[in-house]
2 protein chains.
Amino acid sequence: MPLAKVRNQYHHGDLESALISTARKLTKRNGFENLSLRKVAEDIGVSPSATYHYFPDRDSLLAAVGFSLFDELADYQEHQLAKITGSTAKAAKDRFRSLGNSYFEWAVKEPHFFNLMFSEYCLMDADPDHKREDSRPYMNLTKCLDELVSTGTLDERMREHSELLSWTVVHGATSLIVSGHLESDGYKKILDDLEYALGIRK
Amino acid sequence: MPLAKVRNQYHHGDLESALISTARKLTKRNGFENLSLRKVAEDIGVSPSATYHYFPDRDSLLAAVGFSLFDELADYQEHQLAKITGSTAKAAKDRFRSLGNSYFEWAVKEPHFFNLMFSEYCLMDADPDHKREDSRPYMNLTKCLDELVSTGTLDERMREHSELLSWTVVHGATSLIVSGHLESDGYKKILDDLEYALGIRK
DNA sequence: CCCTTATCTGAACAATGTATAGATTTTAGA
DNA sequence: TCTAAAATCTATACATTGTTCAGATAAGGG
């Protein structure tokens, strides 16, 4: 059984994944607003209309690319988190900070990806397979907050208030900075402010 | 002196403001991503190329529309704020809540406007005339926080942490809800969480 | 009244998403 | 293995878009 069929004169062999990976490449470079179906097809060496056998339109190709990016973000976050070991209060605090930082860093590194993920193309409720609470980035947050509580760093009564708050602060600040509506150097202070308000003292 | 010149066969009379208001109308209806220069011109009854005498391209027309919207948002906020009078602690608390609510309500009422305002077309730092700190919505926030402090509702030490925090929470939550990435009924809880974390008790 | 300047039109161009008909290859059944 | 059906891809076409540019039309100043 051939893992990847060879490119024939006529049949590509694995056009669907080629479409996604090429769309990913061009989105990374030029942003999803400027992604051209024809350029994707041309880059692969296939006619424009060939794409319509795998995606009904440009939007659903962008959706396929976008939804796959949540795992890339989570991978980056977990790679950063793994650098901090131990179950002390300090380790839990460091992980919380790392989580907020990695979200921001990844978005700054891949602004076009970040924009696509939170665009109209990647609506969670449109696809029941994707729910925010079940997404790995959000699960990383809840786990991190639980660790803060169990190490006595975060007040138990604050726990229920901290989840959506942290999520919206980190996402809101990141989003504003990536889009150019907030100075980039303000991010550290915002994380400081958040920890201060949550009662996580240094 | 004629306030508004009458439309001639050939010369429109006040094409620049007609362009802005028509672009505003179509953006409100279809979103800025779908704003067509040609449709704007057609709606006014002018040729497509006429627009290029007032705006070098589609982007700068969108920018003109977008920047004007910050005042509309502020107008709405201040209209809501004006309903709450007095300088008691309760009044200050109510105004803070009203400020967060009005931001959200306006965005939900005009999602396409909200998206345009925080798009790449309306970058504050691109135009030195527009700075976030000087924008009326942000000034409403700082004033409101100062009132909370002066009525003893917000701890003085928390004041410096509350500004960017409130801003990013309210904007982040609003942005996520408007774009469909967060359930709409989560907003009230987020404001509750914010007040709790800031130490503003009921 | 003429001539300069501002304003607008008409036609054109390249790029885009997408639909449809038909060509080519693969695959399954006899 | 042969053949018919299904899967896959191409060619062509169409409407729409932003934008450019040469030229037409009107307004205003001397």
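Residue numbers begin at 1 in each chain, while the letters A, B, ... track the order of the sequences.
- Residue B:Glu156 qualifies as open at atom CD: its count of foreign heavy atoms under 6.0 Å is 12 or below.
- Every residue two or more places apart in sequence or in another chain that forms a ring pair (Phe, Tyr, Trp, His ring centres under 6.0 Å) with B:Tyr138 is listed here: B:Trp167.
- With sequence neighbours excluded, no residue forms a side chain to side chain contact (heavy atoms under 4.5 Å, CB included) with B:Glu160.
- Legend: residues meeting salt bridge (charged side-chain N to carboxylate O under 4.0 Å, His left out) with A:Asp192, ordered by chain and number and at least two apart, are A:Arg97, A:Lys188, A:Lys202.
- Remark: B:Asp75 pairs with B:Arg136 by the side chain to side chain donor-acceptor pair (under 3.5 Å) rule, at least two apart or across chains.
- The closest side-chain donor-acceptor pair between B:Asn101 and B:Ser98, if any, does not fall under 3.5 angstrom.
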Under-3.5 Å N/O pairs linking protein and nucleotides 17-21 of chain D:
unit_1 : atom_1 : unit_2  : atom_2 : d
D:dT17 : OP1    : B:Ser36 : OG     : 3.4
D:dT17 : OP1    : B:Lys39 : NZ     : 2.9
D:dG18 : OP1    : B:Leu35 : O      : 3.3
D:dG18 : OP1    : B:Leu37 : N      : 2.8
D:dG18 : OP1    : B:Arg58 : NE     : 3.4
D:dG18 : OP2    : B:Ser36 : OG     : 3.4
D:dG18 : OP2    : B:Leu37 : N      : 3.0
D:dG18 : OP2    : B:Arg38 : N      : 3.3
D:dG18 : N7     : B:Arg38 : NH1    : 2.6
D:dG18 : O6     : B:Arg38 : NH1    : 2.7
D:dT19 : OP2    : B:Tyr52 : OH     : 3.1
D:dT19 : OP2    : B:Arg58 : N      : 2.9
D:dT19 : O5'    : B:Tyr52 : OH     : 3.2
D:dT19 : O4     : B:Arg38 : NH1    : 3.2

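- Note: CG (A:Leu15) to P (C:dT26) measures 15 Å, nearest angstrom.
- With sequence neighbours excluded, no residue satisfies salt bridge (charged side-chain N to carboxylate O under 4.0 Å, His left out) with B:Arg201.
- Here the C1' atom of nucleotide C:dT16 and the CG atom of A:Leu61 are 15 Å apart, to the nearest Å.
- The distance between atom NE2 of A:His53 and atom P of C:dT25, rounded to the nearest whole Å, is 15 Å.
- Atom OH of B:Tyr54 is separated from atom P of C:dA6 by 11 Å (rounded to the nearest Å).
- For the pair A:Glu42 CD and D:dT10 P, the interatomic distance rounds to 13 Å; values are reported in whole Å.
- Heavy atoms of B:Phe55 sit nowhere under 4.0 angstrom from any nucleic acid atom.
- Remark: C1' of C:dT16 and CG of A:Leu62 are 14 Å apart, rounded to the nearest angstrom.
- For B:Ala50, the side-chain atoms get nearest to C:dT9 when compared with the rest of C:dT9, C:dT7, D:dT8.
- The salt bridge (charged side-chain N to carboxylate O under 4.0 Å, His left out) check on B:Arg38 picks up nothing, with sequence neighbours excluded.
- Residues from residues 21-30 of chain A that place a heavy atom under 4.0 Å from any atom of DNA chain D: there are none.
- Taking the ring pair (Phe, Tyr, Trp, His ring centres under 6.0 Å) definition, one finds that A:Tyr187 meets it with A:Phe104, sequence neighbours left out.
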